[in-house]
Amino acid sequence: MTQLAEPAGSASIALPVIGHWIGGGPVAGTSGRRGPVFDPATGQQTKWVDFASTDELDAAVAAAKAAFPGWRSTSLSKRTDILFRIRNLVDVRRAELAALLTAEHGKVPSDALGEIARGLENLEFACGIPQLMKGGFSEQVSGGVDVYQIRQPLGVVAGITPFNFPAMVPMWMFANAIATGNTFILKPSEKDPSAALFLAELLREAGVPDGVFSVVQGDKVAVDGILAHPDIAAVSFVGSTPIAKHIYETGTRNGKRVQALGGAKNHMLVLPDADIAMAADAAVSAGYGSAGERCMAIATIVAVGDIHDPLVDAIKARLPKVRIGPGSDPASEMGPLVTRQHRDKVASYLDSAAEQGATIVADGREHPLFRDSDGFFLGTSLIDDVTPSMDCYRDEIFGPVLTVMRAATYDDALALINDNPYGNGTAIFTRDGGAARQFQFDVNVGMVGINVPIPVPVASYSFGGWKASLFGDLHMYGPDGIQFYTRSKVVTQRWPDPATSSVNLGFPQTR
Ligand code: NAD
């Protein structure tokens, strides 16, 4: 990910520089370190982004710490009012936000708008905070004694987000974090940093007090500063597995509460009775949407028995119809990849797959935009006869490459999926309800789709994988999100007549 910061030089003068958002307003970076931001559709650098120093991070934490007492004392009804305003502003301004996503990430407008719509769900969920913050109350647990549980915010919390959802993943985090009364610091991906600042402006307009929401741009320096900072109580992370593991281990070692969501290798299991056209449509949509740069993308198809050949044929037949192009063309269904380096790494799996004995059914490097454009385009690739030892199966490719594997039986397919180190999402395609129910019971994966290829839970449930796809105990957003950003306090009370008071050194009993 992180490019070493390039020194500000004369070439940088003409380009806009994206800074931080600290203490309720934009702040220019002072570290002297910065990284380039590209338009992936043209391949041109369009901006710089400042990389924060630890002093700049300290300033954001100090502002967040100062804002916390006032924000946690703000009534739930007032916080709800502000959350409704944020929700409405994001809704009204969604086209502008989507344009920023297209300009820096490269995803086409329909995809960008979809991302924002899924993020909005999290804001809508958080609008129910008076209900979500309810504790429990037990009257008369002992004579004249009541017990109740309340939930309280943690303090300053931080979110570190990946390039592939620059608006939605921050909303996964900050909606519940600030609704529950915390103050929040966002460290967005340095590849597409503008959406975070756009959201910060909307939050200010909605009435979020200064210091409650801050943005610190940057690289490893900012991240490691967050992990070490004594005034940050909790860290939410979404990104690749090696970094997620680093975040979890370092953050928890430093006494923080951490949820760290990592990478994925999502299998789509297709049983012999599945509808082939429907399964092929789903595979193409979920494999190539957002150029495969989704943690819930289908990466590999496991075809059981005879359905393999007709399914591969049906997928192959659909590939020439996928319209690849820049987000500025309304006809485009799939945009470029995020950087040239990432595009070339994705393409390299076609070579290793062929060398290791797989069959290249479609090679995305044959798309004219791969050759003729300066943008980071790659066409759709389909690799068949893949086996578990091949690099294209072992690694998370995170690009528009679908691999296909054969399984003789359901049990073989299930064993393959359960042996995979990742456990983010999976899907089964079948017309047999009993088989689907058995799969749901058997599979060691956190999010399961039954004839649903991208089973991202709605915001009233929580999002999270198993195994190497998540480090920590609680999943992201939904009820787990409320739990993650709060801690529970249990109060035992009685109001006896002082005249009945006496000394009793025995351990308090309830009966
Ligand atoms: P990444 O791990 O490279 O970066 C994620 C964040 O970590 C960024 O903010 C980045 O600046 C920071 N970072 C990167 N390297 C670091 C380092 N060495 N030390 C400290 N911080 C570092 O991930 P990415 O390329 O931005 O995003 C793609 C990855 O995210 C894929 O693996 C994808 O599966 C995963 N992802 C997972 C989910 C999920 O919910 N499980 C969702 C979206 C993306």
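Start at 1 and go down the list; that is how both ligands and their atoms are numbered. All figures in this text were calculated on a predicted structure; none of them were measured in a lab.
- The closest approach between a heavy atom of W172 and any atom of ligand 1 is below 4.0 Å.
- Of all the heavy atoms of E396, the ones lying under 4.0 Å from any atom of ligand 1 belong exclusively to the side chain.
- The closest approach between a heavy atom of A222 and any atom of ligand 1 is not below 4.0 Å.
- Residue T161 has at least one N or O atom closer than 3.5 Å to an N or O atom of ligand 1.
- Ring geometry, Y477 versus F463: the interplanar angle falls from 30° to 60°, so the pair is classed tilted.
- We find the SG-CE distance between C295 and M447 to be 6.5 Å, quoted to the nearest 0.5 Å.
- Distance check, rounded to the nearest 0.5 Å: CG of L197 to CG of L202 gives 11.0 Å.
- Here the options are E293, K107, H105, the test is side-chain contact (heavy atoms from CB on, under 4.5 Å), and the partner is F165; only K107 passes.
- Polar contact with ligand 1: present for F163 (N/O pair, distance under 3.5 Å).
- The side chain of N424, and not its backbone, has at least one atom closer than 4.0 Å to an atom of ligand 1 (non-hydrogen atoms only; side chain from C-beta on).
- Taking the six-membered ring for Trp, Y422 and H267 have ring centres at least 6.0 Å apart.
- Between G239 and ligand 1, an N or O atom pair is found at a separation short of 3.5 Å.
- Numbered from 1 in the order shown, with element, the atoms of ligand 1 that lie under 4.0 Å from a heavy atom of F463 read 39 (C), 40 (O).
- Two residues are said to be in side-chain contact when any heavy atoms from C-beta on lie closer than 4.5 Å; E121 and S460 fail this criterion.
- Within the structure, ligand 1 has N164 among the residues with a heavy atom less than 4.0 angstrom away.
- For the salt bridge (Lys or Arg N to Asp or Glu O under 4.0 Å) test, residues two or more places apart in sequence or in another chain that qualify with D385 are R406.
- Contact annotation: for E190 versus ligand 1, heavy atoms closer than 4.0 Å belong to the side chain alone.
- An N or O contact shorter than 3.5 Å is missing between D219 and ligand 1 by distance.
- Proximity of G465 to ligand 1 is not established, as no heavy-atom distance is less than 4.0 Å.
- Checked by distance only, ligand 1 and T241 stay at 3.5 Å or farther apart across all their nitrogen or oxygen atoms.
- Contacts with ligand 1 closer than 4.0 Å are made by backbone heavy atoms (N, CA, C, O) of P188 only, the side chain lying farther away.
- The list of salt bridge (charged side-chain N to carboxylate O under 4.0 Å, His left out) pairs with a residue in residues 338-349, not counting sequence neighbours, is empty.
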